[in-house]
Amino acid sequence: MKRTGATKYSTLLKALGITVLTGTLVAGVMQVQAHASQRTGASSNPAFAAATSLSASSIQKAEKKLEELTGKSLTLGKATNFPSGSILAVQGASGGEVLFNKKGEIDSISVKMKWSDLSASHQEAMQKALDTVLPGGSAQAEHVTLIMDYTNTNPKVKNKLQMLAEVQNTTINVLDGKLSMALEILKIQDVPETAIKSAKAVIARVEHVKKAEALTQAFLITEPDAVKYELRFGAPTSKYPVSVDIDKKTNKATGLYLGFLQDNLANKSDAQINKVMQTMKNADMNKLKKTAVPQIKKWLGLDLSGYKLTKVANEPGNAIFTKSGAASVEITYNSKGEVYWVN
């Protein structure tokens, strides 16, 4: 149930109800695809480059990076622009886009490739991850999306190759050649009753929730060091949408997301968004800790009283509890100083 920092970019995604998976650019890819699907009057390279600040050299540089990434000679075709940059579609692949910022610099690349078009090293890394999550040796992806992020939005993935594949209702994410996370969509009836019971017990302890919603979505998340259920109660438009993470082995709650408490930035102006960002950036960590520690102990049974709480650099709204020799705990808070995500 991880989400990236509350930058203007990721906060807008959150406001649209898009979950950002652990260490991935899934939300970024979704936003790129959303922009691509809304192209109106898009033109080819020369016309677009002439009509915007994108230079021919910027496009050539992007096409060179595409070739380095895929081993294929790919070109950029249809394009669209928006306030913070431009998107050009990848031609010669099964899909993909290159996202440029206003300066004409490449922010990210995503390109969807057929399995047969992947390099041997890419096939090997993805197949190893597939065999780990879906044992048996028969699982294989028809397509794999290669992603590169060149921004500082998430330092953990900057300049590192990510590969995404969907097989048997499971999304596999490989980061820098290793399995980062796998997310399997479960049927509600396949979720153990013990896990549901543990999640409902957590929700019952959340003072904000007046009435628990029904379980609407369930996922099994595999990470290098843990396997857990993410159980979502209610829809994003419900009055009290809540997600709870339950460790598969111990049946203990490890994370909580209270969607109804996050700032609603949908259809807000830049000025309004900037005001929210600045408020979270200026939040007093000592004051936040005084309210967050007892809340988190009540919700999840985690005692963080001996931990230090610090802001996450360049991610307004995100903070982290740390203690020597203990696992860190991440939180996200809104402009009112209310914690709505714990992991």
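Throughout, numbering of the chain's residues begins at 1 and tracks the sequence.
Without hydrogens or angle criteria, Tyr333 side chain to Met280 main chain gives a donor-acceptor distance under 3.5 Å. Formation of a donor-acceptor pair under 3.5 Å by the Asn343 side chain with backbone atoms of Glu330 is not found in this model. Side chain of Ser198 to backbone of Asn251: a donor-acceptor contact under 3.5 angstrom is found. Using a distance-only test at 3.5 Å, with no hydrogens or angles considered, a donor-acceptor pair links the side chain of Asn101 to the main chain of Glu105. In this structure, the side chain of Asn282 engages the main chain of Gln278 through a donor-acceptor pair within 3.5 Å. A donor-acceptor pair under 3.5 Å is formed between the side chain of Gln123 and the backbone N or O of Trp115. Side-chain atoms of Lys311 come within 3.5 Å of backbone atoms of Lys281 as a donor-acceptor pair (strictly under, hydrogens ignored). Not a single donor-acceptor pair under 3.5 Å links the side chain of Asp263 to the backbone N or O of Leu265. Ser58 places a side-chain N or O within 3.5 Å of a backbone atom of Gly104 that can act as its donor or acceptor partner. At distances below 3.5 Å, not a single donor-acceptor pair connects side-chain atoms of Ser238 with backbone N or O atoms of Tyr240.
A distance of 8.5 Å separates CE in Met277 from OG in Ser335, rounded to the nearest 0.5 Å. The CG atom of Leu88 sits 5.5 Å away from atom CD1 of Ile59, with the distance rounded to the nearest 0.5 Å. The distance from the CG atom of Leu183 to the CG atom of Leu164 is 11.0 Å, given to the nearest 0.5 Å. Taking NZ of Lys128 as the start and OG1 of Thr132 as the end, the distance is 7.0 Å to the nearest 0.5 Å. For the atom pair Leu134 CG and Gln140 CD, the distance stands at 12.5 Å (nearest 0.5 Å). Rounding to the nearest 0.5 Å places CG of Leu66 at 5.5 Å from CG of Leu76.
Remark: Lys65 is positioned above the aromatic ring of Tyr150, its terminal NZ or CZ atom under 6.0 angstrom from the ring centre and at most 45 degrees off the axis.
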Inset, instruction - For Tyr257 and Tyr340, run side-chain contact (heavy atoms from CB on, under 4.5 Å): C-alpha distance rounded to whole Å, both residues' side-chain angles, the deciding distance at 0.1 Å, then the answer. - result: CA-CA 6 Å; Tyr257 174 66; Tyr340 66 86; 3.6 Å; yes

Inset, instruction - Mind running side-chain contact (heavy atoms from CB on, under 4.5 Å) on Glu166 and Thr171 for me, showing each step along the way? - result: CA-CA 4 Å; Glu166 294 185 16; Thr171 299; 3.7 Å; yes

Legend entry - Derivation of the side-chain contact (heavy atoms from CB on, under 4.5 Å) call for Phe82 and Leu99: CA-CA 11 Å; Phe82 51 100; Leu99 176 64; 3.4 Å; yes

Inset, instruction - Dump the intermediate steps for salt bridge (Lys or Arg N to Asp or Glu O under 4.0 Å) on Arg232 and Glu230, then the final yes or no. - result: CA-CA 7 Å; Arg232 299 182 182 182; Glu230 180 177 330; 3.0 Å; yes

Inset, instruction - Before giving the answer on side-chain hydrogen bond (donor to acceptor under 3.5 Å, both in side chains), spell out for Gln295 and Glu207 the whole-Å C-alpha distance, their side-chain angles and the decisive distance to 0.1 Å. - result: CA-CA 9 Å; Gln295 276 187 328; Glu207 59 275 13; 3.1 Å; yes

Legend entry - Candidate pair Thr145 and Val111, rule side-chain contact (heavy atoms from CB on, under 4.5 Å), full reasoning: CA-CA 5 Å; Thr145 300; Val111 56; over 6 Å; no

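For Pro224 against Ser180, the heavy-atom pair with the smallest separation is CD-O, 3.2 Å. Nearest heavy-atom pair, Lys156 versus Leu175, reported as atom, atom and distance to 0.1 Å: O-CD2, 4.0 Å. Residues Ile246 and Ala195 share a closest heavy-atom pair of CG1-O, 3.8 Å. Closest non-hydrogen pair, Leu261 versus Asn334, comes out as O-ND2, 2.7 Å. Across all non-hydrogen atoms, the minimal contact from Ala182 to Ile172 is CB-CD1, 3.8 Å. Between Trp299 and Val206, the shortest heavy-atom contact is NE1-CA, 3.6 Å.
A salt bridge does not link Glu213 with Lys211: none of the charged nitrogens is closer than 4.0 Å to a carboxylate oxygen. Between Asp247 and Lys252 there is no salt bridge, since none of the side-chain N atoms of the basic residue sits less than 4.0 Å from a carboxylate O of the acidic one.
Residues His143 and Met113 have side chains not in contact (no heavy-atom distance under 4.5 Å, counting atoms from C-beta outward). Between Phe321 and Lys289 the shortest side-chain heavy-atom distance falls below 4.5 Å. Contact of the Met126 side chain with the Leu118 side chain is not registered, since no non-hydrogen atoms from C-beta on lie closer than 4.5 Å. Side chains of His122 and Leu161 form a contact here, defined as non-hydrogen atoms less than 4.5 Å apart. Using a 4.5 Å cut-off on side-chain heavy atoms (C-beta onward), Leu302 and Val293 make no contact. In this structure, Phe100 and Ile106 have side chains that are in contact, with non-hydrogen atoms separated by less than 4.5 Å. Between Ile331 and Asn318 the shortest side-chain heavy-atom distance does not fall below 4.5 Å. A 4.5 Å side-chain heavy-atom check between Thr310 and Lys308 finds at least one atom pair inside the cut-off.
Note on Ile320 and Trp341: separate hydrophobic clusters, where clusters join Ile, Leu, Val, Met, Phe, Trp and Tyr whose side-chain heavy atoms are under 4.5 Å apart, directly or indirectly. No continuous path of hydrophobic side-chain contacts links Val329 to Val312 [ILVMFWY only; heavy atoms under 4.5 Å].
Residues passing the salt bridge (Lys or Arg N to Asp or Glu O under 4.0 Å) test with Glu68: none are found, sequence neighbours excluded. Listed by chain and number, the residues in a side chain to side chain donor-acceptor pair (under 3.5 Å) with Gln272 are Ser269 (sequence neighbours excluded).
Side-chain atoms of Thr254 and Asp245 include no donor-acceptor pair closer than 3.5 Å. A side-chain donor-acceptor contact under 3.5 Å links Asp131 and Gln127.
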